[in-house]
Amino acid sequence: MAKYYITTPIYYITDKPHIGTAYTTVISDIIARWHRLCGDDVFFLTGTDEHGEKVQKASERAGMQPKEFADTMASKFSSAWKEYNITNDAFIRTTDRQHESIVAEFIKKLYDAGDIYKGEYEGWYCTPDETFLTELQLKDGKCPECGREVKKVKEESYFFRLSKYQDKLLELYDKNPLFISPKFRSGEIINRVKGGLKDISVTRTTIKWGITFPEDSNHTIYVWVDALVNYISALQWPDGGNMRFWPADAHIIGKEIAWFHTVIWPAMLFSAGIDAPKKIFSHGWWTVEGRKMSKSLGNMVDPIELKNKYGVDAIRYYFAREMPFGDDSDFSEKNLIARINGELVDDLGNLVYRSLTLAERFNGRIKGAPELDKGLDVEHIKTLMTNLDTFNAIEEIWSQVRRTNKYINEKQAWKLNGEELGSVIYNILESIRIISVLIGPFMPETAEKIRAQLGVDKQDISHCKFSDFNGRIKKEGHLFNKIEKTQGMNA
RNA sequence: AGCGAGGUAGGGUAGCCAGGAGUGCCCGCCGGGCUCAUAACCCGGAGAUCGGUGGUUCAAAUCCACCCCUCGCUACCA
């Protein structure tokens, strides 16, 4: 049995869950469920990032202690994921005491390796935005975000010798072409690494809400270092039992944090003498109704509202189906409704309903030779899923849904009887049974409903081939209901 | 500015790396079939100067050059 370790980023708790974080988490869950379906020993991690200046400020505004504020926000995430049927094996919080002590131990290891030295951080700071900026980022000497004046700040800081690992990183990319996925994003990173790496500041003296740097208690560890270590602290590094899951098979992230995961994180691991993860997959971003999603535009989509309105499985399906492998996509309610009505209600729901009507009326033996197995390529779907390509995997599954609908029409099943009908029904039900297994990771509730109506046992990937049909038909209702146009959120 | 990604019928995508008739898929539109099914499903059709210009070639959506447009990243902003 192969092990499979998959992670989401840990989400920064100044925001509540939105469509982007929900997307990352759902996609990761689909992959995790897929691997379980394939019999792998899976560890699936998500969690929250709770230190840093912004959290400190946000908690002050909320009139709470940072830890109290963090507790409130973290539970918003864990309860949202519960509602989305997320099957994470652990939920890590960077304020967990175990995490804090492991981060301290980890950074000490880098220190002992001679990769941490004391220096002086110098840069620009935009006070109203509370943001540190580099020379390059400034626009006409002012803050690129708000256009206001910035001031020069100088502060004692400890640095990590990132520059030392340039060659080792390039070697990593070279030996593992899929390390930075999808491939079209790797050039960007590799060129920048080739262009040279600067050491990075890893501690702060001005921020109190963080983990104390063990070598100098005037400093706290910078949030990014703290956050990245979650991937191993959740496994109880260095010698906890779950370390057998390391190296991670896939870190699923948004493209905006690719640099940290593909450059800084492996470099820190090298310094600590730990293997690099196998793959960093950065997915695209959602725009909302054609516009960038942002708080100031007020177009943040609340995943809980969305789910309450359309159903968990519909949203999970939409996430996996709408956004092509790694690309950006537009979220639009019109489009979501079109997919629910066209693909879930008309294609899949209707297929199951009409098939069960035929099967229920038939009282002969459901038996025959496989005909509908042609064209269904489970191995290909496996390959796509291994490559995290949920978009094309669904396309492939749906072609079988369409093929089955077509088969019913071509055979004119409603006109047949006797053995001939028994054979056609056999093919239809076997096809639906296999479809239900394949869609399980995407739409677990729907898969379960189909399975119950077919009256078959729980199955895994090895059952995705035509064999004898052994179910006991029990037709219930429709799997999905049509969304009327007037029901749209903004309609 | 530098680096990167993309511009294919009304919309969305695949094809490009390894050139060979504009070929595929989904939605929408028009017409037909069927009645097991949630106005569903199935079949057929219309619709594209493949962003522009120039080049290589017997042959370019595909290779090369230049240009236009959109988007992302640019390191300590989760």
Side-chain angles (χ1 to χ4, degrees), chain A residues 9-15 20-21 48-49 52-55 121 123 125-126 129-134 136-137 143-145 157 159-160 162 182-195 197-204 222-225 227 253-260 263-264 282 284-285 287 292 321-322 324-330 332 334-335 338-339 341-347 349-362 391-392 395 398-399 402 404-416 421 424-425 428 477-482:
Chain A
I10 47 176
Y11 302 113
Y12 206 51
I13 54 169
T14 47
D15 274 325
T21 49
T48 44
D49 182 8
E53 186 178 25
K54 296 217 164 180
V55 172
Y121 169 78
Y125 186 73
C126 173
D129 279 2
E130 300 160 6
T131 302
F132 288 94
L133 299 158
T134 61
L136 272 168
Q137 286 174 299
C143 174
E145 285 301 317
S157 178
F159 283 79
F160 170 64
L162 183 62
K183 224 162 67 190
F184 63 74
R185 256 187 240 295
S186 64
E188 190 175 328
I189 301 282
I190 293 171
N191 283 343
R192 278 176 63 194
V193 174
K194 279 183 182 159
L197 295 168
K198 287 193 293 191
D199 293 345
I200 54 170
S201 156
V202 291
T203 68
R204 280 287 136 85
Y222 186 66
V223 276
W224 258 111
V225 179
I253 61 168
K255 62 182 179 181
E256 75 283 4
I257 52 176
W259 179 258
F260 293 93
V263 181
I264 297 175
S282 46
W285 272 25
T287 53
K292 213 184 240 185
R321 181 71 184 96
E322 183 65 23
F325 195 46
D327 280 339
D328 288 351
S329 262
D330 184 50
S332 90
K334 190 173 153 223
N335 196 248
R339 286 209 187 273
N341 286 346
E343 293 166 21
L344 297 182
V345 180
D346 294 346
D347 289 341
N350 185 51
L351 169 65
V352 172
Y353 195 81
R354 70 195 293 219
S355 302
L356 289 173
T357 301
L358 290 168
E360 220 171 32
R361 286 186 196 170
F362 179 66
F391 179 82
N392 283 304
E395 179 62 37
W398 240 250
S399 71
R402 287 187 216 102
T404 309
N405 268 321
K406 183 174 179 169
Y407 178 83
I408 298 175
N409 283 50
E410 279 175 353
K411 291 284 179 184
Q412 301 188 41
W414 55 93
K415 287 185 182 167
L416 302 176
L421 179 55
V424 168
I425 289 178
I428 298 167
H478 296 295
L479 293 176
F480 299 96
N481 293 310
K482 279 232 163 157

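Only this structure's heavy atoms are used, side chains among them; waters, hydrogens and symmetry mates stay out. Lettering of chains follows the sequences in order, A, B, ..., and the numbering in each one begins at 1.
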Review point. For A:Trp259 and A:Tyr11, take the nucleotide of RNA chain B holding the closest heavy atom to each; which residue's nucleotide lies nearer the 5' end?
Key: A:Trp259

**Study point:** Verdict with reasoning, A:Trp414 to A:Gln412, per side chain to side chain contact (heavy atoms under 4.5 Å, CB included)
**Key:** CA-CA 6 Å; A:Trp414 55 93; A:Gln412 301 188 41; 4.1 Å; yes

Check your understanding: Under 4.0 Å between a side-chain N/O of A:Tyr222 and OP1 or OP2 of B:C77, yes or no?
Key -> yes

**Study point:** Minimal non-hydrogen separation, A:Leu162 against A:Ile200, with atom names
**Key:** CD2-CG2, 4.0 Å

Review point. Got a sec, which residues hit side chain to side chain donor-acceptor pair (under 3.5 Å) with A:Asn409, two or more places apart in sequence or on another chain?
Key: A:Arg354

Practice item. Spell out, as yes or no, whether a donor-acceptor pair under 3.5 Å connects the side chain of A:Ser282 to the backbone of A:Ile253. Key: no

Practice item. Pick the P atom in B:A40 and in B:C30, then give their distance to the nearest Å. Key: 13 Å

Practice item. Using a 4.0 Å heavy-atom cut-off across all strands, classify A:Ala227 as base, sugar-phosphate, or nothing. Key: base

Review point. Are A:Ile428 and A:Thr404 side-chain neighbours, meaning at least one heavy-atom pair lies under 4.5 Å?
Key: yes

Exercise for review: Let me have RNA chain B in dot-bracket notation, would you? Count Watson-Crick plus G-U wobble pairs, both distances under 3.5 Å, and use [ ] for pairs crossing earlier ones and | for inter-strand partners.
Suggested key: ((((((((.[[[[[)....(..]]]]].(((((.......))))).....[[[[[..)....]]]]])))))))....

Revision key, fill the gap. Protein-proximity profile, nucleotides 30-41 of chain B, B/S/- by nucleotide at the 4.0 Å heavy-atom cutoff, equals ---BSSBBB-SB

Practice item. Determine yes or no for a side-chain-to-main-chain donor-acceptor pair under 3.5 angstrom, with A:Asn405 supplying the side chain and A:Asp347 the backbone. Key: yes

